[in-house]
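In this chain, numbering begins with 1 at the start of the sequence shown. Values in this document were obtained by computation on a predicted structure and should not be read as measured data. Read the numbers this way: they start at 1 and go in the same order the structure lists the ligands and their atoms.
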Amino acid sequence: MDKLEIEGGVRLSGEVSISGAKNAALPVMAASILGPGENLISNVPQLRDISTMGKLLAHLGMGYHQEKGKVILQSKNIKAIEAPYDYVKTMRASVLVLGPLVARTGEARVSLPGGCAIGARPINLHTMGLEKMGAKITLSRGYIRAKAKKLRGATIYFDIPTVTGTENLMMAATLAEGQTILENAACEPEVVDLANALISMGADIQGAGTSNIRINGVSKLKPLKYRIIPDRIETGTFITAAAITGGEIKIRNCSPTHNEALINKMRETGTEISAKKNTLVVRGPERPSSEDIKTMPYPGFPTDMQAQFMALMAVADGTSMITENIFENRFMHVAELRRMGADIRVEGPTATVKGTKTLKGAPVMATDLRASASLVIAGLAAQGTTVIDRVYHIDRGYQCIEEKLGGLGARIRRVR
Ligand code: EPU
């Protein structure tokens, strides 16, 4: 199993280019089920989750080819309607094929994802919505089966805004009969990107990016040709990496407007950030000052940046309170950061982080994607060597992390 070895203490400097957004590319790939023919998606990051989705779509009978940031999906024929457990257990986003499969073929069988490292993560809101649209939902032997000759438009209220739930139902509604209204929908930029991709296929969608999305069903969609937005979480991860090392970096090919909550908080910590259209220049402080955060649905502070921000607060001047409101178990990095000398106490959804001047390198273990990113960030600032085990987690969501950080001067290498 690969490990990452980091010698801390180098101030990052130079330029880095951001890849396409994993969490936008995955639903757009699933959307290609809806447009029979050759679908071309560009600015797709080269990641393990992307190839898992590609293999799942190939399992459904689609052609899948990926090269140099482009994915081609041939969806003329859909031959299978099942997302097996083997795919869903390695990547929960596999559930994104549920809505498009029912809409296109009238039926889908998707393995019910179990709990995961960050929380229970049920998909009851996805199935509730499909049921409202007239699908018959049954659960048998760990699989959800959804069946509907033709989905009907419906008004669907989410008690919790759910990102992939909104995406699944938005895709299902594009081919439904009549109008679907999604109330209290997720407003994340990835939802907007999916809506734009669907609109380019001929879908009639209004209001994406607000909590009220209206979709008028159409009789058919054409294949897509679409470019994915930059990854705001990769961008945020590099912002915190520059800040924790007191470095100065230029982040290219990003979308600063998608990172406003983080950028505002980072400025409060003393990090200087200037934003132009697709570029950010970040200059870290000598020592960051402590700031409290509470994770919230977009446009609030993203849960996917909580762990990385905590690593920064571990060396801040002062005490910060970090409250995780989205997932009930997203503090797995705390125990690992403590092994590096961080002073963190967790009570319920809140972690109290007492900043310490220096962290010390240690062997640590990645437990999920963003937790591993936080260990990399801590390792960049720590004295001595940090060895991160189970880096397959980080490979799910960060393209060439060691090359990109290495290009900024970090002493980081992969040990196979
Ligand atoms: N929820 C329910 N029922 C549902 C769906 C969600 O109770 O049917 C709850 C969840 O348990 C959670 C909250 O609603 O407490 C929000 O979860 P959401 O459904 O929005 O999360 P998701 O769609 O499963 C996506 C991202 C995650 C990101 C979250 C929150 C993708 C593929 N995944 O997950 O990304 O953390 O939104 O922004 O888009 C990551 O990239 O590391 C990652 C975990």
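Atom 9 (C) of ligand 1 has its closest protein heavy atom at Ile160 CD1, 4.2 Å. Scanning the protein heavy atoms around atom 44 (C) of ligand 1, the nearest turns out to be Arg330 NH2, 3.5 Å. Phe327 CZ, 3.8 Å is the protein heavy atom nearest to atom 21 (O) of ligand 1. Nearest protein heavy-atom neighbour of atom 26 (C) of ligand 1: Asn23 ND2, 3.6 Å.
For the residue pair Ser140/Thr138, the side-chain donor-acceptor check at 3.5 Å is not satisfied.
Under a 4.0 angstrom heavy-atom cut-off, Pro122 registers as being in contact with ligand 1. In this structure, Arg370 has a heavy atom closer than 4.0 Å to ligand 1.
In terms of polar-atom proximity, defined here as any N/O pair under 3.5 Å, Leu125 does make such a contact with ligand 1. Taking any N or O of Lys22, backbone or side chain, at least one lies under 3.5 Å from an N or O belonging to ligand 1. When only interatomic distances are considered, the shortest N/O to N/O separation between Val163 and ligand 1 falls below 3.5 Å.
Here Ala93 has side-chain heavy atoms under 4.0 Å from ligand 1, and that is the only part of it that gets that close. Residue contacts with ligand 1 for Ile326 involve both N, CA, C or O and side-chain atoms from C-beta outward (heavy atoms, distance under 4.0 Å). With a 4.0 Å heavy-atom cut-off, ligand 1 is reached by the backbone of Arg121 and by its side chain too. Contacts with ligand 1 closer than 4.0 Å are made by heavy atoms of both the backbone and the side chain of Thr162. Within the 4.0 Å heavy-atom criterion, the part of Leu369 lying near ligand 1 is the side chain and not the backbone.
Close contacts between ligand 1 and Thr303 involve ligand atoms 30 (C), 36 (O), 38 (O) [criterion: under 4.0 Å to a heavy atom]. Proximity to His126 (heavy-atom distance under 4.0 Å) selects the following atoms of ligand 1: 8 (O).
When each of Thr295, Thr350, Ile293, Ile118 is paired with Glu324, the side-chain contact (heavy atoms from CB on, under 4.5 Å) condition holds for Thr295 and for no other. Under the salt bridge (charged side-chain N to carboxylate O under 4.0 Å, His left out) test applied with Glu234, the options Arg370, Lys404, Lys22 reduce to a single match, Lys404.
Tyr298 and His258 have perpendicular rings, their planes meeting at more than 60° on a 0 to 90° scale where under 30° would count as parallel.
The local environment of CZ in Arg345 is sparse, with at most 12 non-hydrogen atoms from other residues, nucleotides or ligands closer than 6.0 Å.
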